[in-house]
Amino acid sequence: MPIGDCCRLSPAASTELFAGTDASPFGRRQRRPRGARIPVTVVTGFLGSGKTTLIRELLATPEGANTAIVINEYGEIGIDDALLRASSDATVLLGNGCVCCTVRTDLQESLRTLFADRLRGAVPSFQRVVIETSGLADPGPVLQTFASDRALGQEFHLQALVTVVDAPGGAGNLARMPEARHQVALADRIVLTKTDLADATEMAALTERIRQLSAAPIATASHGAIDPGFLLDEGLDLPTRLANHPHDHAHAHSDGIDSFALFFDEKLPWPVFEQAMAVLTALRGPDLLRVKGLVAVAGVRGPVVIHAVQHVAHRPVELEAWPDDDRRSRLVFITRNLTRQSVEQLIAAVAGIGQP
Amino acid sequence: MAESAINQGNDTLIWNFKLLAHNALDGFGGMGEGMSMQLAKDGRRILWLAHESAPKNFTAVDVTDPRAPKIVARADLPQSHMRSNSLETVGDILAVAYQTTQPGLEPAGFELFDISVPENPRRIAFFDRSGPNSRGVHQLWFADGETIHMSSGAPDSHPTHPKDDQFYQCIDVRNPSKPVEVGRWWLPGTQQGDNVAPPIRHPEGTDSGFRPHNTNVYPERPDRVYMGYIDGGMITLDIADRAHPKMIARWDYHPPNVGFTHTVVPFFERDLLVVSDECTRNDGADWPKLVWIVDNRTEENPVPIATCPMPPVETFSRRGGRFGAHNLWENLPKEGCWKSDRIVLGTFFNGGLRAYDLSNPYQPKEVAYFAPQVANAPTGACQINDVFVDDRGIVFCVDRHIGGLYALEMDF
């Protein structure tokens, strides 16, 4: 869905009829970006990086109870037979209220089936979804799924893209495989695994290489065990990224991949922001890897959550309140061969035309 | 597989609520549909709860810390052939409805208490509504400190059918030691001497009477009463002249549906009404019992536009007990109460507590639910009966049989 379509400010006619005086053009004001939707964590990383172990350890924690796992290849997660409750064609009920679903056709269909089964009580009332992508997958299309499939976007919220990098193989993969660099660049959070198999020098080099590619928070898993909140919690990465991006500094990355933060002191009229983003995606959509942040929109009470992946944008959501005292718009861009300066100039130019 | 999946292990179903506390109320956890919060002068928040049936009258719980509710007072009923079921507080006054099991019994009416010391409620007055054809008060609405709007019988009542013994009454309690009736209204045909024929009865077994259940009056429209009129559907009254109420609108959808319209909550700014049925039979026998969204732009002609989606009847009608709509959070117009015209919270017996986003009133969307596993539940499942939401956003709900009180946080 083009950004211009799904970021449209005008409310639907059906809701305008009974809007009342306190209606937000972005629908019900929400306490948090996901609202009432089911949170989804996508786990990516190269074969052998430890994705499966990470997920298995998560399921063993109290916080990991009631999780639906979606995997690409059956059996990849190494399910213990003792945990099996019942099975249908593609869905396996695990212990602890968890359910495991194998993608047979496509991800959208699997998620739709999971949601429908949950609604009718055919599977436990899972609280979240964890998707394990196959090793070589570009996570971009998975992220886009929740924005471009309007029905799925109503029910599921992309909570985090977690990229797993193993200490022994990570540096080699990042050097040789553009897909590996892409996975790290797009990540909301990065998990280092098998750190006991690398020495301090190798670890420092790997961390430095990751930092060249990404400003996302990094944590280390020990034999798959990690604070479950690092995988599941909402809103973990934006403050970290902003802290990692001084206002006047853009990160210089390899493959032309860059990430930078933009701040705006004044409130932005929505048409200005919408049109600037429409121009950006129309001309440079493929290079606009991710955009996320909070926008202070003129005439709107709360901050508006923005999340776009390449040429598609998730439905903007107005929050009930700002997360802190800072009322400025703040946006993190992850781009390819697209500089901070050009994006900033574009938005300034549109704002200049929009405000005579 | 559906049933085994839902009933496995811990049976609690929870989505987008956080359970803060559960208090089984010392074994007297069968709660009615009266929940009211007193903001006590010493700073405490006291939640007053009506019991579903004898021997208990009401219980007061200190919920200042919603994670640690503490019982501070409890009262017994004077006899066992009666129930309190409904209560409200305004300031330091508590009003409790008394309904007897049969006409002619006493006490039938309402009692006012001074609760300035919550641990020691003291009677101010008893307003007697007993009579040969009266069971007394089923429900009362008390929000402004001056008037009680209620569904009650009366000493001089002569219903055309014994099940129609209760009607709307408006009682002035500005002098709480001496309440005075100022107005009454009943559906024409339900009292002897009316100049219209009595209404056609609902089929045997589903005849619950043509009488009001909830009688809501809000400061936005002090000249309106919004009533769920049980087998009579939904009724809006004009009470600009309280001595002579007039019916403005009636929306009756039974038949085909089985009767028992329960609560009407207006969303004034949005010209909407939210209307709930009450499920009164076990195992889905009176399905469907729904929460309706009604277009009230033309108040003389309310038009239903949607119902709130419910979990699958095939599964829940087999969980035990009742499954269907009952009470709604009524946006009580009082200090300390939460208000929303975007979110509807309702109780659905074994379907638990459920919350809906009404941003698009044509397509209500479920956003949260809580159906606890209740130990030793007589019907095998929870029977969540009523809901109260305070201005901190804390949601309290009660079980009808044994579960007691639950405190939750909205997480959506």
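Note on naming: letters A, B, ... go to the chains in the order of the sequence lines (proteins, then strands), and numbering restarts at 1 for each one.
- The salt bridge (Lys or Arg N to Asp or Glu O under 4.0 Å) contacts involving residues 327-351 of chain B comprise B:Glu88-B:Lys334, where partners must be two or more places apart or lie in separate chains.
- B:Tyr369 touches chain A through its side chain: at least one heavy atom from C-beta onward sits under 4.5 Å away, while N, CA, C and O do not.
- With a 4.5 Å cut-off on non-hydrogen atoms, A:Gln30 does not touch chain B at all.
- Put simply, the side chain of B:Glu269 never gets that close to the backbone of A:Phe18: no donor and acceptor are under 3.5 Å apart.
- Proximity to chain B is absent for every atom of A:Glu320, based on heavy atoms less than 4.5 angstrom apart.
- Of residues 287-306 of chain B, those residues lying under 4.5 Å from chain A by any heavy-atom pair are B:Asp295, B:Arg297, B:Ile305.
- Options A:Arg32, A:Gln154, A:Arg29, A:Arg37 differ in how many heavy-atom pairs under 4.5 Å they form with chain B, and the most are formed by A:Arg32.
- Listed here is the closest heavy atom pair of A:Ala36 and B:Trp15: O-CZ2, 3.3 Å.
- For the pair A:Arg31 and B:Glu409, the salt-bridge criterion is not met [side-chain N within less than 4.0 Å of a carboxylate O].
- Between the side chains of B:Asn16 and A:Arg34, at least one donor N or O lies within less than 3.5 Å of an accepting N or O.
- Not a single donor-acceptor pair under 3.5 Å links the side chain of B:Arg270 to the backbone N or O of A:Leu17.
- For chain B, the nearby parts of A:Arg28 are the backbone and the side chain; heavy atoms of each come within less than 4.5 Å.
- Closest non-hydrogen pair, B:Ser359 versus A:Gly27, comes out as OG-C, 4.5 Å.
- Interface remark: B:Leu358 contributes no atoms to any contact with chain A (heavy atom separation under 4.5 Å).
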